> 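Before we start, here is the structure in question, set down as structure tokens.
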Amino acid sequence: MRKVRVRFAPSPTGPLHMGGVRTALYNYLFAKKHGGDFLLRIEDTDQTRYVPGAEQYIIDALKWCGIEPNEGVGYGGDCAPYRQSERKPMYKPYAEQLVEKGWAYYAFDTSEDLENIRKQAELAKMPNWQYNSISRMTMKNSLTLPSDEVQRRLSAGDPYVIRFKMPRNEEVRFQDLIRGWVVFSTNELDDKVLFKSDGMPTYHLANVVDDMTMNISHVIRGEEWLPSAPLHVMLYKAFEFEAPLFAHLPLILKPDGNGKLSKRDGDRLGFPVFPLEWTDPATGAISSGYKENGYFPKAFINMLLLLGWAPGNNQEIFTEAEMIEAFSIERIGKSGSKFDPDKTRWFNQQYLRNTPLPELADLLLPLLSEKGYEVTHEYAQSVAQLMMERAVFVQDMLEGDYLFVAPKSFDQEAVAKRWKVGESGSLMKEWGSVLNGIEEFTVENIDVAFKQFLADKGLGMGAVMPLFRLLLTGTLTGPAAAQVAALIGKEEVIRRIDSGIAQLG
RNA sequence: GGCCCGUUCGUCUAGGGGUUAGGACAGCAGAUUUUCAUUCUGUAAACAGGGGUUCGAUUCCCCUACGGGCUACCA
């Protein structure tokens, strides 16, 4: 068996969306699992669709996800360059080689010619005109034109393309690693352009030439490529080169309705479709990213792993090592998967809970200074400990400001419901002096004092606790009041009680 | 339209000729919690339809329906 070498080969036509990330992930895991190579190749043969910044975005996004290539654009390697625009001179000889072997031919029909023919065919209720084994004999190409005419045009510099000469009445079959045998008849395939009149190869040629010269063993790519796989198989045959094994991944579908997940769905349904935030250089429109929304890259990747692949047991949370160990192409599903934003949140929650306190504190600190709160690392850890159970994202732990500053206002509804002017104030005043008498201001001691206080007053918890909480935090929800109190410290607690009473009466 | 691919709870999926068709997310209901959240327990929820093959089909085959992809000098 060939050494495993796989590639992720996006076009820099925009930001990489999560479907692309999943494709990259599966390639990466497959390579790691088999001790192979994972390369990043940039397929920028269409100059008209080039988007500035997209390539860097792809590299950055993969890096953030932790699925880094060990070869390719931005990483170097023996097969450099990895950007197809930089490999431009390589392709023409391959195309010409195919012409010499009789697998391809020059065609001089202009885009306008073809457009007209398609239009006419449509009018004649033949909606799907193809440049193929039949129609090519009526077109302007090196098969129909006298050879001196072809030579004349070529040396005169007339624009031309090179088309693949798809044979007639043949069956192309190949074994897809996910779908099993897939069969196409060459009669349904057209004479695809391999080499464009602008001197660039098309995707098909460049892709095959690069996969050959980079010694790619397995092509793992999206299902949208399945229809062109037979052409690629034919190209390998024409080049007399061992074709890689193919695996065509099912698509990621939009959560509602039908169709594949698109850029617009994110804005429409309120979740990111891109790993990183992206600003469209042409329009300035911003598309949100998982990173900026507060997702852990590992949670994002873990979610993607399970979107179309299942381990066979019920494991859902995977470390990278476990992913690599468990992954196999055979266990990739055949049908498209609807993306589920809720489940994605759930993954993040799981990862948040599994993050050690010091790390959470590290993440919290910058968010805090953004809000103008400078606290110690130790304090941030305590905040994390108190809040992590009720958070999905790191930023959720900062929802209330009351762990850092006295409440500026009080929940009006809560006040109306719980606070009795005069009565509540004097009760809290008494409770305040009890608290003031506590030597070691710990959760346990506060609890003990509180129970004693209730007993002395002959009151139930519900009559006192909400008032205390209200003065402390301004709301009636959140972690246990005693825990908040212990965290912010006795002096601050007393201060808040006093100022709260002063405000509420 | 043509070609190709697909179809198990609402969603992601496990399973596979004889199963109480399993798990997770979301939902619902209880319990715990001073509150919210968490947690726990429980509950509802699926083999697209029709033909075969077979003692038996959700599982294998065919057809239909539905869904998706492709159908450019785009990738």
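Letters A, B, ... are given to chains in the order of the sequence lines, protein chains preceding strands, and every chain is numbered from 1. Values in this document were obtained by computation on a predicted structure and should not be read as measured data.
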> Counting side-chain heavy atoms from CB outward, which of B:rC70, B:rG68, B:rC5 is closest to A:E224?
B:rC70
> Where the side chain of A:K196 is concerned, which of B:rA26, B:rC73, B:rU7 is the nearest nucleotide?
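For the A:K196 side chain, the nearest candidate turns out to be B:rC73.
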> So what does A:R418 touch, heavy atoms closer than 4.0 Å: a base, only the sugar-phosphate, or nothing?
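The residue A:R418 makes no contact with any strand.
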> If you look at every strand shown and take non-hydrogen atoms under 4.0 Å, does A:A229 touch a base, only sugar-phosphate, or nothing?
nothing
> Is the shortest heavy-atom distance from the side chain of A:M234 to the side chain of A:W103 under 4.5 Å?
yes
> Using a heavy-atom cut-off of 4.0 Å across all strands, would you classify A:R331 as base, sugar-phosphate, or nothing?
sugar-phosphate
> Is any N or O donor-acceptor pair between the side chain of A:R390 and the base of B:rU38 shorter than 3.5 Å?
no
> Going by distance alone, is a donor N or O of one side chain under 3.5 Å from an acceptor N or O of the other, for A:N116 and A:Q120?
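Not at all, the side chains of A:N116 and A:Q120 share no donor-acceptor pair under 3.5 Å.
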> With a non-hydrogen cut-off below 4.0 angstrom, is A:S111 in contact with a base, only sugar-phosphate, or nothing?
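Base contact - A:S111 has a heavy atom under 4.0 Å of at least one base atom.
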> Among B:rG68, B:rC25, B:rC4, which nucleotide has an atom closest to any side-chain atom of A:F184?
B:rC4
> Applying a 4.0 Å non-hydrogen cut-off, can you work out what A:A480 is touching in the nucleic acid: base, sugar-phosphate, or nothing?
base
> Would you confirm whether the ring centroid of A:F450 sits within less than 6.0 angstrom of the ring centroid of A:F468?
no
> Which part of the nucleic acid, if any, lies within reach of A:N128 when heavy atoms closer than 4.0 Å are counted: base, sugar-phosphate only, or nothing?
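The residue A:N128 makes base contact.
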> Under the side-chain hydrogen bond (donor to acceptor under 3.5 Å, both in side chains) rule, what do A:N141 and A:Y160 come out as? Steps first, then yes or no, please.
CA-CA 9 Å; A:N141 55 51; A:Y160 67 91; over 6 Å; no
> Would the base of B:rC73 count as contacting A:S197 through its side chain, where contact means a donor and an acceptor less than 3.5 Å apart?
yes
> At under 4.0 Å between heavy atoms, what does A:G312 touch on the DNA or RNA strands: base, sugar-phosphate, or nothing?
sugar-phosphate
> Would a 4.5 Å heavy-atom cut-off, applied to side chains only, mark A:Q350 and A:N302 as touching?
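A side-chain contact under 4.5 Å is absent here.
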> For A:R345, answer base if it contacts any base atom (sugar-phosphate contacts may also be present), sugar-phosphate if it contacts only those atoms, and nothing otherwise; contact means non-hydrogen atoms under 4.0 Å.
nothing
> Could you tell me whether A:V464 contacts a base, only the sugar-phosphate backbone, or nothing, with contacts defined as non-hydrogen atoms closer than 4.0 Å?
nothing
> Verify the ring-centre separation between A:W309 and A:Y26: is it less than 6.0 angstrom?
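Not under 6.0 Å, so no.
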> At 4.0 Å (heavy atoms only), tell me whether A:P10 reaches a base, stays on the sugar-phosphate, or touches nothing.
nothing
> Between the side-chain atoms of A:R179 and the base atoms of B:rC5, is any donor-acceptor pair under 3.5 Å?
no
> To the side chain of A:T45, which of B:rA14, B:rC73, B:rA75 is closest?
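For the A:T45 side chain, the nearest candidate turns out to be B:rA75.
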> Let's see if you can work this out: which of B:rG69, B:rA75, B:rC3 has an atom nearest to the side-chain heavy atoms of A:E188?
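Of the candidates, B:rC3 comes closest.
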> Grab the CG-P distance between A:D191 and B:rA72 for me, whole Å please.
13 Å
> Side chain of A:S424, backbone of A:W419: donor and acceptor closer than 3.5 Å?
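Pair absent, no side-chain N/O of A:S424 close to backbone of A:W419.
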> Taking any heavy-atom pair under 4.0 Å as a contact, classify A:T13: base, sugar-phosphate, or nothing.
nothing
> I need the CG-P distance between A:L261 and B:rU11, as an integer number of Å.
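To the nearest whole Å, that distance equals 16 Å.
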> From C-beta outward on A:L226, which listed nucleotide comes closest to its side chain: B:rG1, B:rC4, B:rG22?
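The nucleotide sitting nearest to the side chain is B:rC4.
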> Mind checking A:K192 for me? I need base, sugar-phosphate or nothing, with any heavy atom below 4.0 Å counting as a touch.
nothing
> Under 4.0 Å, counting only non-hydrogen atoms across every strand here, what does A:D109 touch: a base, just sugar-phosphate, or nothing?
base
> Among the candidates B:rC73, B:rU34, B:rU38, find the nucleotide nearest to the side-chain atoms of A:L114.
B:rC73
> Mind checking A:S11 for me? I need base, sugar-phosphate or nothing, with any heavy atom below 4.0 Å counting as a touch.
sugar-phosphate
> If you check every side-chain atom of A:N314, which of B:rG22, B:rA75, B:rC73 has the closest atom?
B:rG22
